Amino acid sequence: LLVPGGFGDRGVEGKVFAAQYARENNIPYFGICLGSQVLAIEFARHVVGLTQANSLEFAKDTPDPVVHLMEDQKNIQRKGGTMRKGAYHCELKEGTKAHKAYQSTLISERHRHRFEFNNAYRKAFEEKGLIVSGECTELGIMEIVELKDHPFMLGSQFHPEFCSRPTKPHPLFLAFLKAMTSSVAILE
């Protein structure tokens with residue numbers, strides 16, 4: 001399952017259900033931007049036990065905002081071109097699926113978003129098996145998360161499609177495709 005980026009709450013609960021289905025049935029899941037945030041919401045609700053977890057983008061009164069507005073976005077009134085955009089460095093944790101895909105510990109990826117993972121929940125996520133495999137240490141932002149004991153359940157806050165080409169697929173798309181073909185062989 002590939003859950004791409006997007007804005008607004010239209011279809012989000014269906015995306016949360018899709019993430020839950022993928023997690024519970026060991027189906028490869030790749031979440032990009034909003035898809036990564038959906039992964040966090042689903043994991044918080046159904047694994048960590050925060051049943052009302054949500055993003056502040058969709059539920060301003062959620063008691064558990066596992067996805068919240070970036071600090072530098074809080075005082076912006078006119079939206080326009082004000083999102084976190086451009087390339088940022090990301091450090092990868094060795095031994096993770098992300099590290100294996102990139103074959104590197106330092107990458108640079110392009111962004112386009114206002115909301116991010118809420119670091120206040122990081123410890124609870126990690127204790128239950130959601131690994132922060134990529135981090136923008138300069139800003140203290142979680143960039144890639146992945147489920148420890150799953151064939152491929154990974155979310156990236158950045159947009160790998162910005163750097164993917166038909167003759168040179170992005171490393172995460174390639175890793176996702178490999179995981180899909182492996183899971184098909186298992187199902188047969």
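Being a predicted model, the structure only gives us computed values, none of them experimental.
To the nearest 0.5 angstrom, Ile41 atom CD1 is 11.5 Å from Asp64 atom CG. The distance from the CG atom of Leu147 to the CZ atom of Phe125 is 11.5 Å, given to the nearest 0.5 Å. Ser104 contributes atom OG, which lies 9.5 Å from atom CD of Glu94 (distance to the nearest 0.5 angstrom). Within the model, atoms SG of Cys90 and CD of Glu138 stand 11.5 Å from one another, a figure rounded to the nearest 0.5 Å. Going from atom OG of Ser55 over to atom CD of Glu116 covers 10.5 Å, rounded to the nearest 0.5 Å.
Under the 4.5 Å side-chain heavy-atom criterion for Ile, Leu, Val, Met, Phe, Trp and Tyr, Met142 and Ile131 are members of distinct hydrophobic clusters. Clustering ILVMFWY residues whenever any of their side-chain heavy atoms sit less than 4.5 angstrom apart, transitively, puts Leu174 in a cluster other than the one holding Phe152. Grouping the Ile, Leu, Val, Met, Phe, Trp and Tyr side chains by contacts below 4.5 angstrom, directly or via other members, places Phe17 apart from Val12.
Qualifying ring-ring contact (aromatic ring centres under 6.0 Å, His included) partners for Phe30, counting only residues two or more places apart in sequence or in other chains: Phe173, Phe176. Every residue two or more places apart in sequence or in another chain was checked for a side-chain hydrogen bond (donor to acceptor under 3.5 Å, both in side chains) with Asn118, and none qualifies. For His170, the ring-ring contact (aromatic ring centres under 6.0 Å, His included) criterion is met by Tyr102, not counting sequence neighbours. A search for side-chain hydrogen bond (donor to acceptor under 3.5 Å, both in side chains) contacts involving Ser108 returns nothing, not counting sequence neighbours. Here Gln52 pairs with nothing under the side-chain hydrogen bond (donor to acceptor under 3.5 Å, both in side chains) rule; sequence neighbours left out.
Heavy-atom minimum distance, Thr62 versus Asn54: OG1-N, 3.6 Å. Minimum interatomic distance between Ala53 and Val66 (heavy atoms only, all atoms of both residues): CB-CG1, 4.0 Å. Among all heavy-atom pairs drawn from Leu154 and Leu39, the shortest one is C-CD1, 3.9 Å. Looking at every heavy atom in both residues, Leu172 comes nearest to Ala98 through CD2-CA, 4.4 Å. Taking both residues in full, the closest heavy atoms of Lys97 and Pro151 are given as CE-O, 3.1 Å, listed atom of the first, atom of the second, then distance.
Checked by atom type and distance alone, the side chain of Thr96 pairs as donor or acceptor with a backbone atom of His99 at under 3.5 Å.
Ionic pairing of Arg122 and Glu135 is present here: one or more N-O contacts between side-chain nitrogen and carboxylate oxygen are shorter than 4.0 angstrom. The pair Glu13-Arg45 counts as a salt bridge, with a side-chain nitrogen and a carboxylate oxygen less than 4.0 angstrom apart.
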Checking side-chain contact (heavy atoms from CB on, under 4.5 Å) for the pair Ile32/Phe158: CA distance, chi angles, key distance, verdict?
CA-CA 7 Å; Ile32 299 171; Phe158 53 82; over 6 Å; no

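Side-chain contact, Gln157 with Gln37: a donor N or O sits under 3.5 Å from an acceptor N or O.
Among pairs with a residue in residues 14-35, those fulfilling salt bridge (Lys or Arg N to Asp or Glu O under 4.0 Å) read Arg23-Glu42, at least two apart in sequence or across chains.
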